[in-house]
Number of protein chains: 2
Amino acid sequence: MSAAGDGTVGKALDVLDLVAAQEKPIRFAELQRMSVLPKATLYRLAQTLVNQGMLVHNPENGTYSLGVRLVRLAHAAWRQASLAPIARRHLDSLSVDTGLTVHLAQMDYGHVLYVDKRNALEPAAMFTDAGKVAPAYCTGVGKAMLAFLDADELDQILGMQSFHRFTPTTLASEAVLRQSLERTRARGFATDREEHEAGVICVAMPILSEEERVLGAVSLTGSTLRTDLKSLEAHIPCLRQCVEAIAEEASHWAFPVEGNETGGRLG
Amino acid sequence: MSAAGDGTVGKALDVLDLVAAQEKPIRFAELQRMSVLPKATLYRLAQTLVNQGMLVHNPENGTYSLGVRLVRLAHAAWRQASLAPIARRHLDSLSVDTGLTVHLAQMDYGHVLYVDKRNALEPAAMFTDAGKVAPAYCTGVGKAMLAFLDADELDQILGMQSFHRFTPTTLASEAVLRQSLERTRARGFATDREEHEAGVICVAMPILSEEERVLGAVSLTGSTLRTDLKSLEAHIPCLRQCVEAIAEEASHWAFPVEGNETGGRLG
DNA sequence: AACGATGTTTCATTATTTGGAACATCAGAA
DNA sequence: TTCTGATGTTCCAAATAATGAAACATCGTT
């Protein structure tokens, strides 16, 4: 996943990723099987990470899991490195006005990273979706962002896509996707016709800075059981208002110090 | 905060913490002023962290902020290292039944770490509270957990407390706090009488494993404008039911592999 | 043009990381 | 019990990677 490891720090973070990829706490022996690092090295790295609170070691059964220090760091990351704090109130009203589920996403090295969510029906838990990643090529928010990237940025990111066919309607090749992106750019919004998950459809619009840089995207999601694309598209004006409001606020936001104009910083 | 840095990795994570502590993206020069590391070392570490996606560098104004990779990692941490996924549905119903704001917290090196929340009134955003830390000695969840720790664990954690007086009712000394903890243990629940924030009161109960180990705590919070402690205490039976349900599920949870009995792993 | 402040690179020195291998610990089988 | 295989922990000389003072570059200001 991450590029060739720079030095010790890179290796340590690779170990962290390995543990993170696991469903359950993991034994040292298992870790060793998955890692290319020699036993002693891996052992010392894990020890260091435990010392630092990034990993937790359960002595009773000798397993490693991610440490709570990460949750703390992530809170800070979410606060200062995502659009979520800015978008907060706008997502609230969009969710209330439409009665639909709302997602806020940003681009993260070729993948879609969900940074916030409003669930109109059930009371929403907190981390359940923020932090999740999804492919860019088959999600509404992903396609909304792709459609408005520079040509070279797009090329780079398309090269990273797997084009796995999740459902019969998945756009499973670069050519087909590029066609779809053109339509998306022309219309100003993207759709997801059960392309990632059967029964789930959505419409999505990008959040664009004043200089037309892609900052993120917002989507309205529905189930095919309760709604259809036509009905979702009826909410496009609401959605447009929302993304424009976020963009506006993001432009004013950009750090007052030094009087610069930069809006979003994302991968 | 974190102990004497082990090696390069420790230093790198210290840099990460420095950036995380900042309200806004930070310049290199500022970073250097706050760090004891020599310029070149600090520079290279920051570079490495950027390479690794842990930091983001905005070239337009030369600022560093936390990277989105952290949000991804935190999602995994939340999933596998916190009680939140287990407690999810129980917090939902507690919130619905009582109509109150619900917090789920765990202990994190002497501090209270909030890992989930239900806000009965407004639609709840996601990271806004999960990941936040608060002192243990003046919060409901903190006192609920402290009251049920082993003597030596308690001693260790009390040594870390600042006993800063946030409000007139803050228990601002170890002696007074210890008295309060005894009452808490006797009653089985803790209260917060505006001890951390004026106008905010709560009742809280610990989540205890079968072996009586403290796994976390759940609280019901209210405003003095709308309610009082007596009314909150009326919900104690609901709260008790909730923490017992979580404890029960946590005990069944503990990793099926290897047939061990361990429940919670926390700092 | 000269200045001060911030950001970036260099390179010989030094300290840290490295990893093969020995050692330790434990559970189950004979 | 003793043996055996698997897992976890420690050692230490060799190799590598981190170090940091200082030089250099870049920019905005006077």
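For the numbers below, each heavy atom of this structure counts, side chains included, while hydrogens, waters and symmetry mates do not. Computed from a predicted model, the values in this text were never measured in an experiment.
- What separates CD of Glu30(B) from C1' of dA5(C) is a distance of 14 Å, to the nearest Å.
- If you measure from atom NZ of Lys39(B) to atom C1' of dC11(C), you get 17 Å, rounded to the nearest angstrom.
- Counting heavy-atom neighbours within 6.0 Å of Glu174(A) CD, excluding the residue itself, gives a total above 12.
- Atom CG of Leu37(A) and atom P of dT17(C) are 14 Å apart (whole Å).
- The CZ-P distance, from Arg27(A) to dT25(C), rounds to 18 Å in whole Å.
- Put simply, CZ on Arg33(B) is 10 Å from P on dA5(C), counting in whole angstrom units.
- Heavy atoms of Thr41(A) sit under 4.0 angstrom from at least one base atom.
- Using a 4.5 Å heavy-atom threshold, the side chains of Leu158(A) and Arg178(A) count as touching.
- You'll find the side chain of Leu215(B) stays beyond 4.5 Å of the side chain of Met145(B), heavy atoms only.
- Atom CZ of Phe28(A) and atom P of dC26(C) are 17 Å apart (whole Å).
- Looking at heavy-atom distances under 4.0 Å, Ala29(A) makes contact with sugar-phosphate atoms alone, never a base.
- The aromatic rings of Tyr43(B) and Phe28(B) lie perpendicular to each other, with more than 60° between the two planes, well past the 30° mark.
- No hydrogens or angles considered: nothing links the side chains of His57(B) and Gln47(B) as a donor-acceptor pair under 3.5 Å.
- OP1 or OP2 of dT9(C) lies within a sub-4.0 Å distance of a side-chain N or O belonging to Tyr43(B).
- Between Leu42(A) atom CG and dG20(C) atom C1' the separation is 15 Å, expressed in whole Å.
- Comparing Arg44(A) and Val9(A) by the nucleotide of DNA chain D whose heavy atom lies nearest to each, the residue mapping closer to the 5' end is Arg44(A).
- Taking atom CG of residue Asn58(B) and atom P of nucleotide dG7(C), one finds them 12 Å apart after rounding to whole Å.
- The nucleotide range of DNA chain D contacted by chain A, defined by atoms under 4.0 angstrom from heavy atoms of the protein and reported 5' to 3', is dT7(D) to dA18(D).
- Listed for the Tyr64(B) side chain is no donor-acceptor partner under 3.5 Å among the backbone atoms of Leu31(B).
- A donor-acceptor contact shorter than 3.5 Å links the side chain of Arg27(B) to the backbone of Asn61(B).
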